[in-house]
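Heads up: numbering here begins at 1 and tracks the sequence. Atoms considered below: every heavy atom in the structure, side chains included; atoms not considered: hydrogens, waters and symmetry mates.
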Amino acid sequence: QVQLVESGGGLVQAGDPLRLSCVVSGRTFSRYTMGWFRQAPGKERDFVAGITWSGGITNYAASVKGRFTISRDKAKNTLFLQMNSLKPEDTAVYYCAAGPGTAYSTSASQFDSWGQGTQVTVSA
């Protein structure tokens, strides 16, 4: 099992940037795909971005492409989500996830380890 701990959420204004971090630990995850998902109240958990830990291949949801950047620091075992030009519709709880899928895994069922989530609120 992989342990994931997110941080960096908060309250920002529309247009502001915010960076989320996720510290990864546990059994070897070098072949894993890492992902960020988000869940707004009353809605399903949606894919935001993914990256392969080893090769750094990335994939983004259409709604965030060009605004969000996923990256990882192998030396620090940390996953990041840089969010720019935030919009009120980006408001959600953001979750870090890990799973044995590919760079193009976008379903929550393809990820078997999850963090506790961090709240991001964007005011208009």
Considering all heavy atoms, the nearest Arg67-Ser85 contact: NH1-O, 2.9 Å
If you measure from CE on Met34 to CG on Leu79, what distance do you get to the nearest 0.5 Å? 5.0 Å
When rounded to the nearest 0.5 Å, the distance separating CD1 of Ile51 from OG1 of Thr69 is 10.0 Å
Donor-acceptor pair, distance only, cut-off 3.5 Å: does the side chain of Ser109 make one with the backbone of Ser107? no
Got a donor-acceptor contact below 3.5 angstrom from the Glu6 side chain to the Gly117 backbone? yes
List the steps, then state whether side chain to side chain donor-acceptor pair (under 3.5 Å) holds for Thr52 with Ser54. CA-CA 6 Å; Thr52 56; Ser54 59; 4.8 Å; no
Taking atom types as modelled, find out whether Thr91 and Glu89 have a side-chain donor-acceptor pair closer than 3.5 angstrom. no
Holding to side-chain hydrogen bond (donor to acceptor under 3.5 Å, both in side chains), I want the full list of residues that pass it with Tyr60, two or more places apart in sequence or in another chain. none
Does one hydrophobic cluster hold both Phe111 and Phe80, with members joined at side-chain heavy-atom distances below 4.5 Å? no
Do you know which two heavy atoms are closest between Pro17 and Asn84, and how far apart they sit? CB-OD1, 3.4 Å
Please determine whether the number of non-hydrogen atoms from other residues, nucleotides or ligands lying under 6.0 Å from atom NZ of Lys74 exceeds 12. yes
Nearest-0.5 Å distance that lies between atom CG in Leu11 and atom CD in Gln119: 9.5 Å
Given Phe37 and Tyr95, is the ring-ring contact (aromatic ring centres under 6.0 Å, His included) satisfied, shown in steps? CA-CA 5 Å; Phe37 286 75; Tyr95 296 91; 8.7 Å; no
Tell me whether Thr118 contacts the main-chain N or O of Gly9 through its side chain, where contact means a donor paired with an acceptor under 3.5 Å. yes
Can you check whether Leu4 reaches Val23 side chain to side chain, under 4.5 Å on heavy atoms? no
Start with the C-alpha gap between Trp36 and Cys96, add the side-chain angles, then the distance that decides, and say whether side-chain contact (heavy atoms from CB on, under 4.5 Å) holds. CA-CA 5 Å; Trp36 287 99; Cys96 175; 4.0 Å; yes
Are Ile70 and Val64 connected into the same hydrophobic cluster when the rule is that any two of I, L, V, M, F, W, Y join if their side-chain heavy atoms are below 4.5 Å apart? yes
Is the backbone of Thr102 close enough, under 3.5 Å, to the side chain of Thr33 for a donor and an acceptor to pair up by distance? yes
About how many Å separate OG of Ser63 and CZ of Phe68, when rounded to the nearest 0.5 Å? 7.5 Å
On a heavy-atom basis, which atom in Pro88 and which in Ala14 lie closest, and how many Å separate them? CD-CB, 4.1 Å
Working to the nearest 0.5 Å, report the span between CE of Met83 and CG of Asp90. 7.5 Å
Shortest non-hydrogen contact from Ser21 toward Thr78: CB-CG2, 4.2 Å
Quick check: is Leu20 connected to Val93 through a chain of hydrophobic side chains (ILVMFWY, heavy atoms under 4.5 Å apart)? no
Non-hydrogen atoms of Phe47 and Ser105 that approach each other most closely: CE1-O, 3.6 Å
Closest contact, heavy atoms only, Trp53 versus Val24: CZ3-CG2, 4.3 Å
Rounded distance (nearest 0.5 Å) linking atom CG of Leu81 with atom CZ of Arg38: 9.5 Å
